Amino acid sequence: MSTLATKSLLPAFLKTLGILYFYIFVGLLLDSPLAEQYLSNPQEVANGIMLVVFSIVMWRSTTKTRELLVYAVIIGFVGEYLFSILLGMYTYRLNNIPHYIPPAHALVYLGVLLFSKNVGVKQHKLLLEKIFTVIIIGYATLCLAIYTDVFGFVLTVATLLILRNKPRERLFYLTMYVTVAYLEFVGTGYKCWYWPSTAFDYFTFLPSANAPSGISFFYFGLDLGCLWLYKKRHKLAWGRMKMQRQLRLERG
């Protein structure tokens, strides 16, 4: 049974986000100061494991998924150098961009996409959206109260406001928020990277936690960028899909 066809919610979670969360927990540990006590160059180990894992995922994926993964890696690469190196939005512990990071963005994108498109997950779509929204509001509010995370709170509010009029994309982005919050919690906890005390280490009126709660807002760019590149390469197929979707809506 394929990942998308899994009809029960728990197995769907375990086959998608469960695997992703486990890999994040173990993979980022390899790039932590803790790992340096046992390995001479743990980041290179993390890079090597990512190369193997990403190659396996590419090999087992459909043609469309492979293409989207390539786009996600490219956008992730550009985004990392833009936000980390040029704009100083956050800093990795060795002041570089680890090679495993752009493919990691692609795997996060794929894991969230597979979860949100799963048959069993779709059956509980409205319930999951409500649960995730409550978790997100609570998390952002807690970060604001404890860490004065104004930056993350503003991004969270912006995300939720945008999703009010995006019912088709809502579950995907709410799941992305929760996933990125987990990723940031693990990554900063392991001290793989850190965020400055204000947004971009510049905007003093936007105090930030390490990490800001709503930073998944910037994953809008990853998803939209992948879709834009895919549509540009497959204009006819994308047009037919939109037409078929419109016909299904008209038939009710």
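Note that this is a predicted model, so its numbers are computed, not measured.
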For the backbone of [Y] and the side chain of [X], can you confirm whether one donor and one acceptor N or O come within less than 3.5 Å of each other?
| X | Y | result |
| --- | --- | --- |
| Asp201 | Pro196 | no |
| Thr62 | Thr65 | yes |
| Ser213 | Gly152 | yes |
| Thr16 | Ala12 | yes |
| Tyr190 | Phe25 | yes |
| Arg170 | Arg164 | yes |
| Asp149 | Cys143 | no |
| Arg66 | Ser61 | yes |

Query raised in the report: Between Tyr100 and Asp31, is any side-chain donor less than 3.5 angstrom from a side-chain acceptor?
Result: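 Present: a donor and an acceptor within the cut-off.
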
Query raised in the report: Among Thr156, Leu160, Leu142, which residue meets the side-chain contact (heavy atoms from CB on, under 4.5 Å) test with Ile137?
Result: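 Only match with Ile137 under side-chain contact (heavy atoms from CB on, under 4.5 Å): Leu160.
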
Requested in this report: Kindly state whether the ring of Phe218 and the ring of Phe83 have centres lying under 6.0 angstrom apart.
Outcome: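 Centroid separation for Phe218 and Phe83: below 6.0 Å.
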
Query raised in the report: Honestly curious: do Ile146 and Leu144 fall in one hydrophobic cluster under the side-chain, below-4.5 Å linking rule?
Result: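 Hydrophobic grouping puts Ile146 apart from Leu144.
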
Sequence neighbours excluded and cut-off under 3.5 Å, please list the side-chain donor-acceptor pairs for residues 70-81, or say none.
from	atom 1	to	atom 2	distance (Å)
Tyr71	OH	Glu67	OE2	2.5
Tyr71	OH	Arg233	NE	3.2
Glu80	OE1	Tyr90	OH	2.9
Glu80	OE1	Tyr92	OH	2.8
Glu80	OE2	Tyr90	OH	3.3
Glu80	OE2	Tyr92	OH	3.3
Glu80	OE2	His105	NE2	2.5

Requested in this report: Can you spot which of Trp228, Tyr173, Phe172, Tyr109 makes a ring-ring contact (aromatic ring centres under 6.0 Å, His included) with Phe220?
Outcome: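 With Phe220 as partner, ring-ring contact (aromatic ring centres under 6.0 Å, His included) holds for just one option, Tyr173.
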
Report task. Dump the intermediate steps for side-chain hydrogen bond (donor to acceptor under 3.5 Å, both in side chains) on Asn96 and Gln43, then the final yes or no. Result -> CA-CA 11 Å; Asn96 64 347; Gln43 190 171 102; 2.8 Å; yes

